[in-house]
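Below is one structure, written out as structure tokens; the observations come after it.
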There are 2 protein chains.
Amino acid sequence: MAKAASSRPIESHAPTMVDVALRAGVSTMTVSRALKEGSRVSKATREKIMAAVNDLGYVLDQSAGSLSSRKTGFVAAIVPSINNSNFADTARGITDELESTGLQLLLGYTDYTAEKEERLIEAMFRRRPEGIILTGGAHTDRARRLLKSAGIPVVETWELPVKPIDQVVGFSNEEAMGLLVKTLARKGYRKFGYIGGTTSRDTRGSQRREGFIRAIEELGLPPGRLVSFGVPPISIEQGGQAVVSMLERWPDTEAVLCVSDLSAFGALMECKRRGMRVPQDIAIAGFGDYEVAAFCHPGITTVNVDCYGIGQQAARRLIQVIRGDGKRHGQEIVLTGYRVVEREST
Amino acid sequence: MAKAASSRPIESHAPTMVDVALRAGVSTMTVSRALKEGSRVSKATREKIMAAVNDLGYVLDQSAGSLSSRKTGFVAAIVPSINNSNFADTARGITDELESTGLQLLLGYTDYTAEKEERLIEAMFRRRPEGIILTGGAHTDRARRLLKSAGIPVVETWELPVKPIDQVVGFSNEEAMGLLVKTLARKGYRKFGYIGGTTSRDTRGSQRREGFIRAIEELGLPPGRLVSFGVPPISIEQGGQAVVSMLERWPDTEAVLCVSDLSAFGALMECKRRGMRVPQDIAIAGFGDYEVAAFCHPGITTVNVDCYGIGQQAARRLIQVIRGDGKRHGQEIVLTGYRVVEREST
DNA sequence: TGTTGATATGGTATCGATAACATGCCTTTG
DNA sequence: CAAAGGCATGTTATCGATACCATATCAACA
């Protein structure tokens with residue numbers, strides 16, 4: 001046999017809708033309809049088409065489709081880090097909510113910097129998402145401009161931005177931390193310390209610190225002791241180091257509040273390693289209600305935030321606008337709940 | 001003024017490359033070149049174009065671009081869950097490695113089921129990714145067919161599949177767990193227990209269990225005690241419940257190995273809550289070297305896996321093929337390292 | 001039986017960018 | 001000084017699907 005002399009091309013292209021249409025003996029338009037839910041195609045035709053699709057191993061090309069339909073089916077979401085279980089939960093809430101809608105998630109991480117967020121927003125806008133979910137309300141000027149002029153719904157989450165761009169699904173980190181302080185003050189603690197990161201990169205962290213300071217003031221307690229340690233997000237290890245530095249400077253601290261449960265867990269383990277009794281010698285509390293806080297020993301008092309629900313509701317808002325329930329497309333603000341969870345560490 | 005009689009449309013469309021070209025007084029082709037790195041456009045022209053881009057707030061439309069260039073710039077990655085820090089680390093390794101290449105990540109979760117993986121693969125293939133990274137080697141038949149006929153590089157990770165599809169970046173979970181058993185046996189432990197999930201959904205978990213059983217056999221130790229508890233991924237809480245059931249049935253168990261550090265941590269905390277001394281009364285070890293294992297008290301002996309590196313290397317392999325370094329596009333297998341990390345819990 | 005309307009399907013233009021080739025100008029060089 | 005070649009830019013034809021409108025078919029009904 002003459003080598004490669006066959007009339008069939010050596011490497012055939014991936015099949016397109018035209019191939020399917022030819023094989024099924026219909027037009028591409030009918031194939032397109034057959035592959036889209038809720039379009040009217042006769043049963044016989046649909047079966048012929050599906051057979052052709054299977055034979056050829058055809059997979060729809062959405063890039064091409066979205067060019068003509070002007071709908072990409074993408075939703076963008078930007079979180080500070082996916083290696084933080086709180087945000088991973090939010091991402092999952094979004095994904096789960098999108099699943100039934102056929103919308104697909106484009107996920108990106110900012111590493112807690114507004115510059116990276118700006119770059120990400122631009123990179124994602126090149127894909128023409130139909131909506132975007134952001135974490136927090138701090139954006140560069142250019143990012144704000146991009147977001148406002150994109151003509152798509154924007155949801156800011158996890159905070160209550162002073163100047164919301166569009167919709168908001170979040171809570172006041174300041175108030176939440178304040179509530180934690182008040183809860184502990186009611187138990188009799190008076191000398192409070194706070195452990196957080198060094199910079200203002202993590203805006204939620206800064207807001208929690210503000211909430212801490214303000215609550216202490218309002219209660220007329222001795223000024224809080226603040227330890228800043230490490231670049232956010234502050235890790236378990238850094239939580240341990242921070243509590244050491246706190247105890248060196250203010251050995252009589254009665255209760256230490258941490259910007260997140262991870263640092264609280266680090267602080268707790270460090271105290272135990274040093275033979276201190278928690279909460280008798282020192283009380284420790286965190287923020288975020290990570291799984292580890294519930295099951296470590298002693299359990300860590302913390303503030304539970306509805307991470308998953310934030311993602312779910314943010315996605316829901318987007319879907320409503322995108323799928324055009326015609327509803328108010330105004331600046332809507334959804335408050336998500338939080339609650340103090342008291343455990344043995346305080 | 002006659003209402004809406006102005007010649008300017010009420011809502012102008014988002015600007016396209018044509019708008020930019022008109023404003024800059026060049027052709028769209030020149031705009032396209034100016035916006036793409038490494039294309040030759042005179043400095044003056046480029047500046048004119050950039051000015052127009054800024055004035056109009058133009059953002060390139062990659063969907064359209066990829067249709068004609070036949071390069072989407074997407075890479076797909078599928079992990080069991082993003083709420084597991086090991087896989088989140090892998091995802092980050094991928095993202096970081098892709099960052100400088102202009103490739104964008106499409107991330108999906110299978111929730112540890114092959115069916116969902118199949119659906120995800122198809123959904124992602126509609127976006128015509130230039131490569132795909134999978135977790136594990138267990139796929140449905142249809143998924144295998146899709147993967148093989150897609151004509152793009154495929155990297156399977158985190159395991160050493162018996163029948164690799166294309167490239168592999170991973171390690172033997174069986175051997176790794178075996179090494180852990182041997183390390184502990186050398187310290188004198190003889191009555192071993194194993195805690196894992198109930199089903200075979202988590203293939204890596206099953207492989208670890210196999211490795212456990214085989215190592216015990218090879219060492220001629222008394223048969224291992226196996227407790228299966230909960231649907232994978234098994235949580236901190238379930239680890240605690242599992243160890244209780246282990247101790248009820250086999251109170252004399254000397255060392256408990258867990259499918260992951262999360263369950264090990266749960267087991268550890270439960271034991272401490274019951275006043276048991278670890279490792280004197282019972283030794284506990286995990287798998288994965290999560291941050292919590294290093295900083296809890298006592299620290300948990302575990303197997304460190306290069307999660308981040310797996311992602312990084314998988315992405316690197318893809319990039320090499322996609323960006324066409326012409327290298328061997330054969331079935332390449334990259335073994336990633338692991339090591340037992342001994343801590344106070346054993 | 002002719003008309004109406006519902007249903008199924010096809011034809012054509014187009015979405016917004018880029019590949020490939022074409023053109024024109026300017027510099028280099030024997 | 002003519003030929004050759006490099007560089008910047010323009011022209012045209014797609015990429016693969018879908019919107020939109022046209023057409024064909026058939027049943028129902030007056």
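First the proteins, then the strands, lettered A, B, ... as listed; each starts at 1.
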Worksheet item: Phosphate oxygens OP1/OP2 of C:dG10: is one of them under 4.0 Å from a side-chain N or O of A:Thr30?
Response: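 Affirmative; the distance criterion is met.
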
Worksheet item: So does B:Ser63 get a side-chain nitrogen or oxygen closer than 4.0 Å to the phosphate oxygens (OP1/OP2) of C:dA17?
Response: no

Heavy-atom distance under 4.5 Å between the side chains of [X] and [Y], does that happen here?
{"X": "A:Phe87", "Y": "A:Tyr109", "value": "no"}
{"X": "A:Leu107", "Y": "B:Ile82", "value": "yes"}
{"X": "B:Glu122", "Y": "B:Arg126", "value": "yes"}
{"X": "B:Pro80", "Y": "B:Arg204", "value": "yes"}

Discussion item. If we count only N and O atoms by modelled type, under 3.5 Å, do the side chains of A:Thr336 and A:Gln313 hold a donor and an acceptor together?
Written reply: no

For [X], report the nucleic acid contact type (base, sugar-phosphate, nothing); a contact means any heavy atom under 4.0 Å.
{"X": "B:Ser69", "result": "sugar-phosphate"}
{"X": "A:Val31", "result": "nothing"}
{"X": "B:Thr28", "result": "base"}

Worksheet item: Can you name the one residue among A:Val321, A:Ile133, A:Ile333, A:Val154 that meets side-chain contact (heavy atoms from CB on, under 4.5 Å) with A:Gln167?
Response: A:Val321

Item to complete: Identify whether the distance between the nearest side-chain nitrogen and carboxylate oxygen of A:Glu115 and A:Arg119 falls below 4.0 Å.
Response: no

Could you list, one pair per line, each protein nitrogen or oxygen that sits under 3.5 Å from a nitrogen or oxygen of nucleotides 22-27 of chain C, together with the distance?
none

Discussion item. For A:Thr16 and B:Thr45, find the nucleotide of DNA chain D closest to each by heavy atoms; which residue's nucleotide sits nearer the 5' end?
Written reply: B:Thr45

Worksheet entry | From CA spacing to verdict: side chain to side chain donor-acceptor pair (under 3.5 Å), B:Thr113, B:Thr110 | CA-CA 6 Å; B:Thr113 75; B:Thr110 66; 5.7 Å; no

Starting at atom [atom1] of [X], determine the distance to atom [atom2] of [N], rounded to an integer number of angstrom.
{"X": "B:Asp61", "N": "C:dA17", "atom1": "CG", "atom2": "P", "answer": "5 Å"}
{"X": "A:Met17", "N": "C:dT14", "atom1": "CE", "atom2": "P", "answer": "20 Å"}
{"X": "A:Lys43", "N": "C:dT9", "atom1": "NZ", "atom2": "P", "answer": "13 Å"}

Worksheet item: Only one of B:Glu156, B:Arg144, B:Arg145 clears side chain to side chain donor-acceptor pair (under 3.5 Å) with B:His139; which?
Response: B:Glu156

Discussion item. Enumerate the ring-ring contact (aromatic ring centres under 6.0 Å, His included) contacts for residues 46-79 of chain A, please, sequence neighbours excluded, ordered by first and then second residue.
Written reply: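 Sorted result for residues 46-79 of chain A: A:Phe74-B:Phe74.
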
Item to complete: Rounded to the nearest 0.5 Å, what's the gap from OG on A:Ser66 to CZ on A:Arg128? Could you check?
Response: 11.0 Å

Practice prompt. Hey, could you give me the CG/CZ distance between A:Leu318 and A:Arg323, rounded to the nearest 0.5 Å?
Written response: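 The CG atom of A:Leu318 sits 11.0 Å away from the CZ atom of A:Arg323.
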
Fill in: Side chain of B:Lys36 (C-beta onward), nearest among C:dG10, C:dT18, C:dT7
C:dT18

Fill in: Positional range of nucleotides in DNA chain D within the contact set of chain A, heavy-atom, under 4.0 Å
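Taking any atom under 4.0 Å from a heavy atom of chain A, the span is D:dG16 to D:dC20.
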
Discussion item. For the backbone of A:Leu134 and the side chain of A:Thr157, can you confirm whether one donor and one acceptor N or O come within less than 3.5 Å of each other?
Written reply: yes

Response to the item:
With sequence neighbours left out, the residues meeting side chain to side chain donor-acceptor pair (under 3.5 Å) with B:Asn84 are B:Tyr290

Worksheet item: Dot-bracket for DNA chain C, 5' to 3', with Watson-Crick and G-U pairs under 3.5 Å, [ ] for crossing pairs and | for other-strand pairs: what is it?
Response: ||||||||||||||||||||||||||||||

Worksheet, complete the sentence: Contact check, residues 119-132 of chain A vs DNA chain C, heavy-atom distance under 4.0 Å, returns none

Discussion item. Here's a test of your reading of the structure: between B:Met29 and B:Leu67, which maps to the more 5' nucleotide of DNA chain C?
Written reply: B:Leu67

